[in-house]
Amino acid sequence: MSEYDVIVIGGGPGGYVCAIRCAQLGLKTACVEGRGALGGTCLNVGCIPSKALLHASELVHEAHENFGTLGINVGEVSVDLEKMMGHKTSVIQANTGGIEFLFKKNKVDYIKGYGKITAKGEVTVGDAVHKAKSIVIATGSDVAVPPFVELDEERIVSSTGALELKEIPKKMVVIGAGVIGLELGSVYKRLGAEVEVIEYLDQITPGMDLEVCRNFQKLLTKQGLKFTLGAAVQSVEKGDSLTVKYKLRKDDSEHEMEADVVLVATGRKPYTAGLGAEEMGIELDNRGRIVVDDHFKTKLDGCYAIGDVIAGPMLAHKAEDEGFAVADIIAGKHGHVDYGVIPGVIYTAPEVASVGKTEEQLKEEGVAYKVGKFQFMANGRAKANLAAEGFVKLLADKETDRILGAHLIGPAAGELIHEICVAMSFGAAAEDIALTCHAHPTFSEAVREAALACGDGAIHA
Ligand code: NAI
């Protein structure tokens, strides 16, 4: 039996960051992980592998669409999917191996296997019993599969199977126009598949600023993605091809669509199977999430939970922040997460990024606000790079000029958003960004121009 200050259950972005932070703060720490590799969904079957494929497929698109205009002549561009997947796999291995190295460096014990909480301060992994003063549950989430469909991860796939396809489908139907559906749908569209997205709601990416949503859908449609909105998928039937049956919500009419691959991207659910949570009196809410207080404490004394398994956006960086914060709290310091400044990024091309309030939220809350908007069309760098689609939209308090939110669609939006996050963390006004010198020529000048547009006006508009 081994004794620790902290045992973290789950080695994803929340768990491994928490474990390293605990060790850095002088706590004897172990991290239990059953997948056989550290990094969780994000590194193994999520964020990182999808980004490898997004990047590769964007280059294919560039070659087809823009090389000629840029004066680059190449022969016919073809895709070697096996090699592309091989690159993706090597990136996964390098990253997961990197975390093992960080564990060794920080003296975090890596316990392989699935952990079960068997008593207060006790985690059992296989036959081994480990004791700890504090336990942190960071078991993440799993694909939420609707009852009408059965995944085989070859033809009817979740994001996991979509990252492993052996060949580019002729026709892919994506169920759900959320982040996963649009990122992976656009990968296969760019690689040559016909892609049709069926979404239950009347808009894509629910919860995002509506103006960005509409523009985003227009741009994706221009790239060739097809959308059927306001449609509830009822079943996916297997034959020589797959038949997706759906009902249009407006008139209940029934329709069907054929596909050779169906990607089910209808959300994720918290993962608590085999954890022993309920037996130990740890409360779950009606969506299966572990209930925690403001200090990430569960109903079991000495047991905390963070990341996808608790409430809030299912984002790797939100989990990481909570991992940091709970480590600080356990070490007797002041851990804190600013939930008002958590960026969200969709890694399509162009990227979509947002932070803070949407216009719709501000209207609902009755907040008087102003909008500063700047189109990438008027940004020199974006034009030079043939990437001038989209805009930066900054929302600021009408009275105080304090930045309340930002919504970007365009080149490097996922990087540009962080300047606004830092500004918001410091309670900055739009004028603070407007008065900050931005290097020319950069995409970031569009952020400054949007900030100027909150005041006396953008220069290049
Ligand atoms: P999601 O919750 O973002 O979107 C699912 C969509 O499926 C919704 O729009 C919903 O209305 C639709 N839907 C559900 N049932 C349906 C039906 N029967 N017929 C038609 N449409 C239906 O879920 P998604 O995209 O699977 O992502 C899961 C989680 O992973 C999210 O929390 C997301 O934020 C996170 N994630 C984040 C990424 C990022 O930050 N770039 C990348 C990948 C995932």
Side-chain angles (χ1 to χ4, degrees), residues 12-14 40-55 140-149 151 156-163 173-187 196-208 210 213 216-217 227-236 244-250 254-257 259 262-271 287-289 307-321 342-355 408-409 413-415 417:
T41 298
C42 173
L43 256 68
N44 290 282
V45 287
C47 326
I48 297 297
S50 65
K51 260 80 262 176
L53 297 185
L54 278 156
H55 176 66
S141 60
D142 197 3
V143 179
V145 188
F148 57 77
V149 65
L151 300 179
I156 306 177
V157 297
S158 69
S159 51
T160 305
L163 293 167
V173 167
V174 177
I175 310 177
V179 187
I180 292 181
L182 297 183
E183 285 187 355
L184 289 172
S186 61
V187 163
E196 189 132 9
V197 183
I198 307 181
E199 165 59 46
Y200 180 81
L201 299 172
D202 295 322
Q203 64 166 98
I204 65 168
T205 54
M208 259 178 37
L210 214 54
C213 272
F216 187 31
Q217 191 184 337
F227 291 94
T228 303
L229 301 182
V233 173
Q234 309 288 307
S235 65
V236 180
V244 181
K245 295 194 170 168
Y246 62 94
K247 260 190 189 175
L248 285 182
R249 283 169 54 229
K250 62 176 183 207
E254 292 183 11
H255 304 262
E256 57 185 57
M257 214 178 265
V262 171
L263 166 60
V264 181
T266 50
R268 298 182 62 84
K269 57 173 192 225
Y271 185 76
R287 290 164 68 180
R289 302 173 298 194
D308 283 9
V309 81
I310 67 169
M314 287 186 171
L315 296 171
H317 44 281
K318 174 258 193 188
E320 283 181 34
D321 275 28
I342 295 187
V345 178
I346 307 178
Y347 298 89
T348 42
E351 288 182 347
V352 178
S354 68
V355 64
L408 286 70
I409 177 163
E415 305 293 336
I417 193 77

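Heavy-atom basis, side chains included; hydrogens, waters and symmetry copies ignored. Whatever order the structure lists them in is the order used to number ligands and atoms, beginning at 1. This chain uses plain numbering: 1 for the first residue, then up along the sequence.
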Only pairs under 3.5 Å count here: list side-chain donor-acceptor contacts from residues 199-206, not counting sequence neighbours, and write none if there are none.
residue: Glu199; atom: OE1; partner: Ala177; partner atom: N; Å: 2.7
residue: Glu199; atom: OE2; partner: Leu201; partner atom: N; Å: 2.8

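Near ligand 1, heavy-atom contacts under 4.0 Å come from Phe148, Ile175, Gly176, Gly178, Val179, Ile180, Glu183, Ile198, Glu199, Tyr200, Leu201, Pro206, Ala231, Ala232, Val233, Ala265, Thr266, Gly267, Arg268, Met314, Leu315, Val345, Tyr347.
Every residue meeting the side-chain contact (heavy atoms from CB on, under 4.5 Å) condition with Val149, not counting sequence neighbours, appears here in chain and number order: Val145, Pro146, Ile156, Val236, Val264. For His55, the side-chain contact (heavy atoms from CB on, under 4.5 Å) partners at least two apart in sequence or on another chain are Leu59.
The two residues Ala162 and Leu263 make their nearest non-hydrogen contact at CB-CD1, 4.0 Å.
For the atom pair NE2 (His255) and NZ (Lys247), the distance works out to 10.5 Å, reported to the nearest 0.5 Å.
Looking only at side-chain heavy atoms (C-beta outward), Met257 and Thr228 come within less than 4.5 Å of each other.
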